[in-house]
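This report refers to the structure that appears directly beneath it.
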Amino acid sequence: MTSIIRSTQGGCWGSDRLRLRLYGSVFDPAVMPLIDRVESLQGVIRKVKRIEAMGQTGRSNYVDVTKFPKAGTSKLSTDEMPELGVISNDNVFEDQPKMEKQLKELRAAGVDGVMVDVWWGIVESKGPKQYDWSAYRSLFALVQECGLKLQAIMSFHRCGGNVGDEVTIPLPQWVLDIGETDPDIFYTNRKGNRNKEYLTIGVDNQPLFDGRTAVQLYSDYMKSFRENMSDFIEAGLIIDIEVGLGPAGELRYPSYTGTQGWVFPGIGEFQCYDKYLEAEFKEAATGAGHPEWGLPDNAGEYNDTPGSTEFFGLNGTYMTEKGKFFLTWYSNKLINHGDEILDEANRAFLGCKVKLAAKVAGIHWWYKSPSHAAELTSGYYNLKDRDGYRPIARMLSRHYAIFNFTCLEMRDSEQRADAKCGPQELVQQVLSGGWREEVEVAGENALSRYDSNGYNQMLLNARPSGISREGLPKQIMYGVTYLRLSDELLKDKNFKIFKTFVKKMHAHQVSKHLHTCIDNTLEGIKLVFFLSQDYCADLGMYNHQIGPLERSKPKLVMEDLLEATKPMEPFPWGEETDMKVDDFDGVLANLIRKLFSLFK
């Protein structure tokens, strides 16, 4: 599995936050290096004294994530010193020396590359088709000089307004100006409140933008990116293109947004009340023989609970013929939106040695309630008797795209009981569905974590059945993105644990009898006990050979998508990872507690 840093808005450099991406492989535990040894008895004594003090005060060095809102892919971190922006709103690459220093630190730690948001609101800010890629070219050149790979995100959304967004990068001003005269180009809730984070999918094919449709805006942007970054693509620097498909870059509706007053664990609101989507629904309902049906008017408000609404409550509207029709239409509109833009992305990067990717949000609150209300308002029609994620995976498969999911670090025991969260079950369902549809599955953590529990949960989800001495496990993630690079992560203790995590995520299979490894992808690699787990610039080492992007397969018919909604049991999942990251303080604290218990 490769490790890649991701730069998405609102993080350590203000206009960019970095995540680390780790691509999966397998490993023989017999050769795992001994990590985090105690240097001296004096050091042990110092640790014991500090742990004793911590035990007396009940304080922990790690973030108590149960005190933070668990807003799906919202990114929260511990308190950090403010940082400068990598690419500012004025399209300037700022503080290059600091960036270079941090990238080299991560390179030395075994991280393979960087993942950067390429903001529409910055690049095309001066006017239609007036693209300025100069700052990003400077950033990419530095990444290349540091010997790292790069994953670029086509970020067509606004930064700002979501949890963890520390700066604001709006949509291009000329687009916002069009919204002044036609506010229906933005997502709208039942009360008429507009959300300017992303253009409504209702204008995907409306020529409202100087004669271009929204899909054409995105397509032209991606074509310009390829033309202006062709040297980096041909050099193998850029290996993945993640296509932003909605708010926060995710394929979803903006159903839970802080700027609209939402707080965790509110169910959110449907976002289909702009005039374009209203007209489309009216046409669909009329075509189905029910011209009297309208959009929901009983689904509550942002911070309601499912049981307080008629739509999501016991025997609610969601279970009726009318409710099922609406939810099918609402979710299919979202899938069609992703399908159409990914088709344009495929055309733009056809023949390039890159992978396409799309991100889906981890809406884990109310997952254990019958109506799955928060998922439904986000556009994921997922119930106990209906899989809302496998149709998305099937759509992605036609574009050879990676399915990127979130909340990998979360455990049910860390969540609020009254919110009926189920992050573990949700991850298992989504990943299993992706594997059944034979798409490459990737994922990331939702909240910044620096503790072994968070890392171990991510390791478990990356390889649910553990490592294998025989070859690649049957179920293994293509990649894991670690959120995020920050000063907090680079603190000595946090960075030490992180490096252990990288090594265990980067683990390889070796054999005492063979000079080549799995599927001939490691052909030519001599027998080595990978004690240092050095950085590997060859993605083939991680079973990630990237060939020229092929043309998308034929468009799926509705019956194909509906067939994928049939629920299936997830694949077997281990209770815990067999490649655990041991936090020395935690292990020693447990040992001390056990010793004290003997004398009670």
Side-chain angles (χ1 to χ4, degrees), residues 2-23 63 75-89 91-119 122 135-153 155 159 164-167 169 232 237-240 444-445 447-451 454-455 479-503 505-506 533-537:
T2 295
S3 50
I4 286 205
I5 313 178
R6 169 169 191 176
S7 165
T8 85
Q9 190 49 49
C12 64
W13 284 288
S15 69
D16 289 333
R17 73 175 153 237
L18 294 185
R19 308 183 193 181
L20 313 176
R21 182 154 187 168
L22 311 165
Y23 291 103
V63 181
K75 284 87 179 178
L76 297 175
S77 65
T78 55
D79 294 336
E80 301 170 7
M81 295 178 63
E83 309 267 359
L84 299 175
V86 174
I87 306 298
S88 70
N89 283 29
N91 208 354
V92 175
F93 180 18
E94 297 182 331
D95 204 358
Q96 295 188 38
K98 180 175 182 178
M99 168 66 90
E100 182 177 3
K101 177 178 181 293
Q102 293 193 330
L103 291 182
K104 287 181 176 179
E105 286 187 69
L106 290 161
R107 167 70 170 77
V111 170
D112 298 316
V114 299
M115 187 176 184
V116 181
D117 273 300
V118 184
W119 293 100
I122 292 177
Y136 282 101
R137 285 195 55 83
S138 298
L139 171 60
F140 292 1
L142 177 59
V143 171
Q144 191 174 41
E145 290 172 12
C146 291
L148 298 164
K149 297 294 183 182
L150 189 142
Q151 183 171 25
I153 310 171
S155 295
C159 175
D165 286 345
E166 298 170 1
V167 300
I169 299 178
F232 292 128
L237 171 69
I238 301 172
I239 57 172
D240 289 350
E444 63 186 48
N445 52 314
L447 306 176
S448 295
R449 295 283 292 269
Y450 312 106
D451 60 300
Y455 289 138
V480 173
T481 301
Y482 175 78
L483 170 76
R484 62 184 170 166
L485 173 60
S486 65
D487 287 338
E488 189 72 19
L489 174 65
L490 295 177
K491 288 181 179 179
D492 288 345
K493 178 182 175 181
N494 291 343
F495 202 44
K496 184 177 182 181
I497 300 174
F498 172 74
K499 286 190 287 187
T500 303
F501 168 65
V502 171
K503 290 177 180 179
M505 188 67 78
H506 259 171
Q533 297 298 312
D534 288 338
Y535 166 83
C536 176

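The first residue in the sequence is number 1, and the count goes up from there. Basis for what follows: all heavy atoms, side chains included, without hydrogens, waters or symmetry-related copies.
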Inset, instruction - Can you see which heavy atom on Ala135 is nearest to which on Asn91, and at what distance? - result: CB-OD1, 3.2 Å

Legend entry - Glu444 side, atom CD; Thr481 side, atom OG1 - distance, nearest 0.5 Å: 5.5 Å

Legend entry - Atom of Asn445, atom of Leu447 and distance for their closest heavy-atom approach: ND2-O, 2.8 Å

Legend entry - Shortest non-hydrogen contact from Tyr136 toward Trp119: OH-N, 3.1 Å

Inset, instruction - Enter the distance from Asn89:CG to Ile122:CD1 here, rounded to the nearest 0.5 Å. - result: 5.5 Å

Legend entry - Close side-chain approach of Met99 and Phe93, heavy atoms under 4.5 Å: yes

Legend entry - Spatial distance of atom CZ (Arg449) from atom CG (Leu483) [nearest 0.5 Å]: 12.0 Å

Legend entry - Interatomic spacing from OG1 in Thr500 to CE in Met505 - rounded to 0.5 Å: 12.5 Å

Inset, instruction - Please tell me if the side chains of Leu237 and Phe140 come closer than 4.5 Å, counting only heavy atoms from C-beta onward. - result: yes

Inset, instruction - State which residues pass salt bridge (charged side-chain N to carboxylate O under 4.0 Å, His left out) with Glu100; sequence neighbours excluded, sorted by chain then number. - result: Lys104

Inset, instruction - Identify the two heavy atoms, one from Gln144 and one from Phe232, that lie closest to each other, and give their separation to 0.1 Å. - result: OE1-CE2, 3.5 Å

Legend entry - Closest non-hydrogen atom pair, Asp487 against Gln102: OD1-NE2, 3.4 Å

Inset, instruction - Please examine the side chains of Leu106 and Phe495, heavy atoms only from C-beta on, and report whether any two atoms are closer than 4.5 Å. - result: yes

Legend entry - Val143 and Leu103, any side-chain heavy atoms less than 4.5 Å apart: yes

Inset, instruction - Determine whether Arg107 and Val114 make a side-chain contact, defined as any pair of heavy atoms from C-beta on separated by less than 4.5 Å. - result: no

Legend entry - Parallel, tilted or perpendicular: rings of Phe501 and Phe498 (30°, 60°): tilted

